[in-house]
Amino acid sequence: MPRPISIVPSVLPADFSRLGDECMNLEKAGVDRIQFDVMDGVFVPNLTFGPDVIASVRPHVEVPFEAHLMVVEPDRLLERYVEAGCGIVIVHAEACTHLHRTLARIGDLGATPGLALNPHTPAEVVSQVCDLVGLVLVMTVNPGFGGQEYIATMEPKIAEVAAIVDGRDCDVEVDGGIGPATVAGAAAAGANVLVSGSALYRDPEGLDHAVADLRARAESASH
Ligand code: DX5
């Protein structure tokens with residue numbers, strides 16, 4: 001049974017001076033949840049949201065939040081992002097010395113554990129922790145910045161991950177360069193959660209159209 005398609009905006013391209021309004025607009029546009037790209041300036045060159053920023057937005061929208069932790073030693077921060085209101089916490093395999101323990105801890109904190117794989121990391125990593133995760137994020141760019149080009153050679157890895165988690169209560173998510181021209185390839189390969197930042201904000205017909213268009217393209221490609 002294919003898992004439902006979800007469209008998840010990254011708020012990286014949003015106007016940070018109006019982040020609350022931006023999240024309300026995304027909710028009105030029909031997104032399934034909102035992703036905060038958390039960057040520490042070490043694991044990736046960029047620096048973004050602390051937990052207090054996310055907590056300040058939390059009361060203004062109903063949709064679930066996910067924290068994509070592009071940080072070193074994420075164990076230090078798990079509790080704070082869960083307390084800030086993130087129901088899903090995604091850590092990078094490459095940033096975790098004891099990945100199995102970190103994922104289990106996210107579950108113990110009451111959040112859904114997510115595992116992100118950078119482009120160079122093989123899908124095989126998932127098979128060792130697939131009983132612990134509710135989401136596997138296959139990065140289709142090298143993390144750190146929005147607006148990068150989709151890496152189409154990740155599509156076989158998306159299919160590999162989908163096969164590993166098949167039959168489990170686990171989403172296959174992709175993030176990076178997802179837009180009208182690339183979403184079908186990712187969905188056809190097996191992704192059911194599509195994260196998009198710049199393409200959503202770039203749509204001349206606005207967010208409502210952008211979300212509906214991505215969803216329609218993904219749904220028709222995934223059947
Ligand atoms: C990379 C970020 C981006 C962002 C979406 O570290 O994770 O992938 O979410 O970026 P776009 O959709 O603009 O490529």
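Position 1 is the first residue of the sequence, and the numbers go up from there. Every number for a ligand or one of its atoms is a count from 1 in the order of the listing.
- For ligand 1, the atoms lying closer than 4.0 Å to a non-hydrogen atom of F145 are 1 (C), 3 (C), 6 (O).
- Taken to the nearest 0.5 Å, the CG atom of L99 stands 11.5 Å off from the NE2 atom of H92.
- For atom 11 (P) of ligand 1, the closest non-hydrogen atom of the protein is S198 OG, 3.5 Å.
- Ion pair D131/R168 not flagged as a salt bridge, since none of the NZ, NE, NH1 or NH2 atoms sits closer than 4.0 Å to an Asp/Glu carboxylate oxygen.
- Within ligand 1, the atoms closer than 4.0 Å to a non-hydrogen atom of Q35 are 9 (O), numbered from 1 in the order shown.
- Proximity of S10 to ligand 1, defined as any heavy-atom pair under 4.0 Å, is confined to the side chain (atoms from C-beta onward).
- The shortest contact between atom 8 (O) of ligand 1 and any protein heavy atom is with D175 OD1, 2.5 Å.
- A donor-acceptor contact shorter than 3.5 Å links the side chain of K157 to the backbone of T121.
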Taking only distance into account, with no hydrogens and no angle test, what donor-acceptor pairs under 3.5 Å do side-chain atoms of residues 16-24 form with protein atoms, sequence neighbours excluded?
unit_1 : atom_1 : unit_2 : atom_2 : d
S17    : OG     : D15    : OD1    : 2.6
S17    : OG     : D15    : OD2    : 3.2
R18    : NE     : D15    : OD2    : 3.2
E22    : OE2    : D15    : N      : 2.5

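- The shortest N or O to N or O distance between G146 and ligand 1 is not below 3.5 Å.
- Close approach to M39 involves these atoms of ligand 1, each under 4.0 Å from a residue heavy atom: 6 (O).
- The closest approach between a heavy atom of G177 and any atom of ligand 1 is below 4.0 Å.
- Remark: ligand 1 atoms within the under-4.0 Å shell around heavy atoms of G147 are 11 (P), 13 (O), 14 (O).
- Using a 4.0 Å cut-off to heavy atoms of G176, the atoms of ligand 1 that qualify are 8 (O), 14 (O).
- Scanning the protein for heavy atoms near atom 9 (O) of ligand 1, the closest one is D37 OD2, 2.7 Å.
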For this session: Evaluate the criterion side chain to side chain donor-acceptor pair (under 3.5 Å) for residue pair E155 and Y150; output intermediate values, then yes/no.
Result: CA-CA 10 Å; E155 289 178 3; Y150 176 75; 2.6 Å; yes
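- Less than 4.0 angstrom separates some heavy atom of P143 from each of these atoms of ligand 1: 1 (C), 6 (O).
- Connection of L69 to I106 is established within a shared hydrophobic cluster, with ILVMFWY side chains joined at heavy-atom distances below 4.5 Å, either directly or through further cluster members.
- Salt-bridge formation is not detected for the pair D75/R101: no Lys NZ or Arg NE/NH1/NH2 atom is positioned less than 4.0 Å from an Asp or Glu carboxylate oxygen.
- Inclusion of S196 in the set of residues having an N or O under 3.5 Å from an N or O of ligand 1 is not warranted.
- When hydrogens are left out, the protein atom nearest atom 12 (O) of ligand 1 is G197 N, 2.7 Å; that is the closest non-hydrogen contact.
- Against a heavy-atom cut-off of under 4.0 Å, G144 is close to the following atoms of ligand 1: 1 (C), 6 (O).
- Under the 4.5 Å side-chain criterion, counting only non-hydrogen atoms from C-beta, H100 is in contact with L132.
- Considering only residues two or more places apart in sequence or on other chains, F65 meets the ring pair (Phe, Tyr, Trp, His ring centres under 6.0 Å) condition with F36.
- At a threshold of 4.0 Å, the pair R80-E83 does not count as salt-bridged, since none of the basic side-chain nitrogens sits closer than that to a carboxylate oxygen.
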